[in-house]
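Since this is a predicted model, take the numbers as computed values, not measurements.
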Amino acid sequence: PISRLTLEALIVIDVHARDVIQQLAQLGVSEENDFEWLAQMRYYWEDDNIIVRIINATLSYNYEYLGNSARLVITPLTDRCYRTLSGAIHLNLGGAPEGPAGTG
């Protein structure tokens, strides 16, 4: 049976996905090169591998499994962190988010 933890994680991810789709629709995003679309984390299947794209960064998915753990809600700040850190990794740099977790 699916545990409560799994359901909570799926709900958090699905609520965020719903909010993103609503925002894209409200902004009238209709082209694949619209910045609002490019700023979303997108997954592609290419050459038998999963590729992650966000803005101009292209990263290998690497199939890392972190386990089934509790999730904080995904806020606009979380999305901004994903964009910034993905861009840094794309440039062979790194990042060090600072501050208490969940303070958004």
Side-chain angles (χ1 to χ4, degrees):
I2 296 179
S3 71
R4 179 184 175 112
L5 193 61
T6 302
L7 288 174
E8 288 173 355
L10 288 171
I11 289 169
V12 167
I13 292 169
D14 281 350
V15 166
H16 179 256
R18 180 207 59 196
D19 294 345
V20 167
I21 295 298
Q22 285 177 344
Q23 180 184 19
L24 292 174
Q26 287 173 351
L27 294 172
V29 173
S30 61
E31 301 291 327
E32 66 178 309
N33 289 323
D34 286 344
F35 178 77
E36 292 81 7
W37 171 250
L38 295 175
Q40 303 305 314
M41 191 170 286
R42 302 170 326 275
Y43 300 87
Y44 296 90
W45 181 259
E46 295 179 0
D47 301 322
D48 292 329
N49 285 306
I50 297 175
I51 303 298
V52 179
R53 291 199 174 118
I54 186 166
I55 304 186
N56 64 338
T58 300
L59 307 166
S60 177
Y61 182 70
N62 293 329
Y63 306 95
E64 182 177 2
Y65 180 66
L66 299 176
N68 190 17
S69 60
R71 293 182 175 267
L72 297 172
V73 296
I74 304 170
T75 66
L77 179 59
T78 312
D79 288 331
R80 201 164 33 241
C81 287
Y82 288 159
R83 289 191 293 270
T84 302
L85 293 171
S86 296
I89 292 168
H90 177 74
L91 296 171
N92 295 317
L93 301 171
E98 188 176 325
T103 58

For this session: Taking ring-ring contact (aromatic ring centres under 6.0 Å, His included) as the test, write out the residues that go with Phe35, two or more places apart.
Result: none
For this session: Using a cut-off of 6.0 Å, state whether more than 12 heavy atoms not belonging to Tyr44 lie near its atom OH.
Result: yes
For this session: Would you mind checking if Arg53 and Glu46 are paired as a salt bridge, meaning a charged N to carboxylate O distance below 4.0 Å?
Result: yes
Exercise. Distance-only, no hydrogens or angles: does the Asp34 side chain make a donor-acceptor pair with backbone N or O of Ser30 under 3.5 Å?
Worked result: yes
Hey, could you give me the [atom1]/[atom2] distance between [X] and [Y], rounded to the nearest 0.5 Å?
X	Y	atom1	atom2	result
Gln40	Ile21	CD	CD1	8.0 Å
Ile55	Met41	CD1	CE	10.0 Å
Ser86	Leu91	OG	CG	11.0 Å
Leu93	Thr84	CG	OG1	12.0 Å
Tyr43	Ile50	OH	CD1	9.0 Å

For this session: Could you check Leu38, Ile54, Thr78 and say which one makes a side chain to side chain contact (heavy atoms under 4.5 Å, CB included) with Arg83?
Result: Ile54
Taking all atoms of both residues into account, what is the closest heavy-atom pair of [X] and [Y], and its distance?
X	Y	answer
Ala88	Gly94	CB-O, 3.6 Å
Asp79	Ile74	OD1-CG2, 3.7 Å
Leu85	Pro97	CD1-CG, 3.8 Å

Exercise. Should Trp37 and Leu27 be regarded as members of a common hydrophobic cluster, given that ILVMFWY residues are connected when their side-chain heavy atoms come within less than 4.5 Å of each other, either directly or indirectly?
Worked result: yes
Exercise. ring-ring contact (aromatic ring centres under 6.0 Å, His included): which pairs involve residues 65-96, sequence neighbours left out?
Worked result: none
